[in-house]
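Since we're looking at a predicted model, the values are computed, not measured.
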Amino acid sequence: MINTILNIFLPPLTIIFLFLFYPFYLLIKLVIRLYKHLSFENVARKVVLITGASSGIGEDINFWGSTYITYFAIPHLRKSKGKIIVITSGAANIPLPLASVYSASKAALVRFFETLRVELSPDIKITIVFPGVISTDMTTPHFVEKYGSDFFLSESVSKCAKAIFRGVARGETYIEEPSWLKWMFLINSVSPEMFDYLVNYLFFRYLKPYFKRD
């Protein structure tokens with residue numbers, strides 16, 4: 001009975017709520033963002049755990065490697081009001097062909113640390129990072145072998161690291177780097193069918209001819 005009531009009343013109430021509240025929410029978020037850009041947190045003497053980075057070698061390392069080390073670090077992080085920086089991937093929020101297991105492991109990291117953020121608040125702050133294609137040993141040799149050059153959207157490691165450092169110092173809860181990734185996430189959330197069509201087109205047009213699967 002309760003689910004039937006929610007199915008009937010929650011959609012219109014949500015639309016009304018968003019129509020009335022969302023403009024104020026955007027204004028508040030803009031003010032907070034401006035404030036964060038002008039202020040930097042001093043992380044001296046704080047324990048900072050950076051986890052999540054891997055070599056794309058599968059779900060076990062990507063997920064369990066991060067959760068185990070976080071479990072043992074929590075007591076030390078609590079003592080110093082420390083931070084956890086989680087390196088996930090843009091593939092956690094968008095479908096990435098030929099990387100299904102990798103994407104699933106990164107998506108699992110996002111949900112795990114989002115839940116942990118609530119459980120550990122306010123003692124420990126958690127920043128979740130969504131890197132795009134970064135020029136590392138994981139991606140660059142692969143693109144050079146297949147196409148003769150690095151991916152044209154690849155970003156340098158140093159530029160990505162500096163953006164992450166600035167975001168952590170500002171107290172960001174999420175960092176997308178390059179920043180245009182957040183707009184891709186928005187398109188995928190608002191219009192997933194259109195995004196799937198775009199990914200399918202790019203995959204069949206540019207990627208699938210170079211790969212074979214049994």
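- Across V199 and P95, no two heavy atoms sit closer than the pair CG1-O, 3.8 Å.
- Taking the six-membered ring where the residue is Trp, F21 and F17 present parallel rings, their angle staying beneath 30° rather than reaching 60°.
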What do the steps show when you test V168 against K83 for side-chain contact (heavy atoms from CB on, under 4.5 Å), and what is the final call?
CA-CA 9 Å; V168 171; K83 288 177 172 287; 3.9 Å; yes
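- N3 CG to I8 CD1: the interatomic distance, rounded to the nearest 0.5 Å, is 11.0 Å.
- N188 places no side-chain N or O within donor-acceptor distance of the main-chain N or O of M184, the cut-off being under 3.5 Å.
- Here the straight-line distance linking atom CD1 of I2 with atom CD1 of I5 works out to 5.0 Å at 0.5 Å rounding.
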CA sep, side-chain torsions, deciding dist, call: D196, L198, side-chain contact (heavy atoms from CB on, under 4.5 Å)
CA-CA 5 Å; D196 283 348; L198 176 62; over 6 Å; no
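- Both I69 and F63 are part of a single hydrophobic cluster, where members link through side-chain heavy atoms under 4.5 Å apart.
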Pair T70-F113, side-chain contact (heavy atoms from CB on, under 4.5 Å): steps then yes or no:
CA-CA 10 Å; T70 300; F113 281 100; 3.4 Å; yes
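- Placement of L30 and Y25 in two distinct hydrophobic clusters is found when ILVMFWY residues are connected by side-chain heavy-atom separations under 4.5 Å, directly or transitively.
- T51 is not listed as a side-chain neighbour of I87, based on a closest heavy-atom distance of 4.5 Å or more.
- Neither I94 nor L186 shares a network with the other; the hydrophobic side chains, linked directly or stepwise wherever heavy atoms of I, L, V, M, F, W or Y lie under 4.5 Å apart, form separate groups for each.
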Please walk me through it: do V133 and E155 pass side-chain contact (heavy atoms from CB on, under 4.5 Å)?
CA-CA 6 Å; V133 181; E155 183 176 271; over 6 Å; no
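- V129 and P131 get closest at one heavy-atom pair: O-CD, 3.3 Å.
- Results of the salt bridge (charged side-chain N to carboxylate O under 4.0 Å, His left out) test with E172 over R33, K125, R166 single out R33 as the only residue that passes.
- Once rounded to the nearest 0.5 Å, the distance linking CZ of F72 with CG of L77 reads 13.5 Å.
- Atom CZ of F195 is separated from atom CG of N93 by 9.5 Å, given to the nearest 0.5 angstrom.
- Residue F112 holds its CZ atom at 10.5 Å from CD1 of I128, rounded to the nearest 0.5 Å.
- Ionic pairing of K182 and E177 is not present here: no N-O contact between side-chain nitrogen and carboxylate oxygen is shorter than 4.0 angstrom.
- Of the possible polar contacts, none joining the S103 side chain to the S100 backbone as a donor-acceptor pair under 3.5 Å is found.
- Considering only residues two or more places apart in sequence or on other chains, F185 meets the ring pair (Phe, Tyr, Trp, His ring centres under 6.0 Å) condition with F130.
- You'll find the side chain of K81 stays beyond 4.5 Å of the side chain of I124, heavy atoms only.
- In this structure, CE on M1 lies 10.5 Å from CG on L6, to the nearest 0.5 angstrom.
- With hydrogens and angles disregarded, a donor-acceptor distance shorter than 3.5 Å links the side chain of S105 to the backbone of Y102.
- Judged by distance alone, the side chain of T127 and the main-chain N or O of I85 form no donor-acceptor pair under 3.5 Å.
- Under a 3.5 Å cut-off, the side chain of S191 and the backbone N or O of E193 do not form any donor-acceptor pair.
- Transitive grouping of hydrophobic side chains (ILVMFWY, heavy atoms separated by less than 4.5 Å) brings F19 and I16 into a common cluster.
- I175 is not connected to F165 by any chain of hydrophobic side-chain contacts under 4.5 Å among Ile, Leu, Val, Met, Phe, Trp and Tyr, and they are in different clusters.
- R117 has no carboxylate O lying under 4.0 Å from a charged side-chain N of E114, or vice versa, which leaves the two without a salt bridge.
- Looking at heavy atoms from C-beta onward, I50 lies in side-chain contact with V48 at the 4.5 angstrom threshold.
- Counting heavy atoms from C-beta on, the side chains of I126 and L116 come closer than 4.5 Å.
- In this structure, the side chain of S89 does not engage the main chain of A92 through any donor-acceptor pair within 3.5 Å.
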